[in-house]
Amino acid sequence: MQLTEQFHISDEHADACDRLTTLVERHASRLLAEEYWTENHIERVASHTVQSYTYIRDDEYEAFNGVDEYLYSRFKRCVYQRVTSVLEAHADEYQAFQFVTETGQLPYPTSLR
C-alpha cells in the first residue's frame, strides 16, 4: 500500500511550500529540544493507542506558548504529528540500546555478528 504520493509542485507555489517546511522543521526541532526528547516521552508515545499527534496536543506542556505568529490548529497538528513520528521512530532503537547497555549483550544471536 502506498501511503504517500509524489507530485510536482509548480514553481509558483515552491516558495510557499519551502516556508511551510521550514516552519514545521523549526517548531518540531524546538519542541523536541525543549520538552519531548526524553526517555519518558519516547516510551509513552510508543504505547499511546490513539492518533499519535494527540499525545502532544493533550499534554499539559504549552507547545506554542511564546510564539508570536498566529498558527492555525491544522498547522499545529502537523507539527505535533512530526514530533510524535520522530519519537515513535526512535522507540524501537531506544529499546534495543537499553537492552545492550543494561545486559552488555547484543539483541540478536552471535552467529549474526
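The structure presented is a predicted model; accordingly, all values stated were derived computationally and were not measured.
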| message | I want to check a possible cation-pi pair here: R77 against Y53, using under 6.0 Å from ring centre and within 45° of the ring axis as the test. | response | yes

| Between OH of Y72 and SG of C78, what distance do you get to the nearest 0.5 Å? | 13.5 Å

| message | For Y36, does the six-membered ring have the charged nitrogen or CZ of R30 within the cation-pi criterion, i.e. under 6.0 angstrom from the centroid and within 45° of the normal? | response | no

| message | side-chain contact (heavy atoms from CB on, under 4.5 Å), that's the test. Do Y80 and T84 meet it? Break it down for me. | response | CA-CA 6 Å; Y80 298 156; T84 55; 5.5 Å; no

| Straight-line distance of F64 CZ to F75 CZ, nearest 0.5 Å | 6.0 Å

| task | Would you check, one step at a time, whether the test side-chain contact (heavy atoms from CB on, under 4.5 Å) holds for Y61 with L31? | result | CA-CA 10 Å; Y61 180 74; L31 292 178; 3.9 Å; yes

| Any sub-3.5 Å donor-acceptor pair from S29's side-chain atoms to R26's backbone N or O? | no

Solution key, residues 11-20 side-chain donor-acceptor pairs under 3.5 Å, sequence neighbours excluded:
none

| task | Please lay out, stage by stage, how H41 and E35 fare under the test side-chain contact (heavy atoms from CB on, under 4.5 Å). | result | CA-CA 9 Å; H41 286 299; E35 177 68 16; 3.4 Å; yes

| Verdict with reasoning, L71 to H27, per side-chain contact (heavy atoms from CB on, under 4.5 Å) | CA-CA 11 Å; L71 301 173; H27 286 291; 4.1 Å; yes

| task | Supply the atom-to-atom distance L87 CG to R82 CZ, rounded to the nearest 0.5 angstrom. | result | 10.5 Å

For residues 42-50, which side-chain N or O atoms pair as donor and acceptor with protein atoms under 3.5 Å away, sequence neighbours left out?
| from | atom 1 | to | atom 2 | distance (Å) |
| --- | --- | --- | --- | --- |
| R44 | NE | Y55 | OH | 3.4 |
| S47 | OG | E43 | O | 3.3 |
| S47 | OG | R44 | O | 3.2 |
| H48 | NE2 | T54 | OG1 | 2.9 |

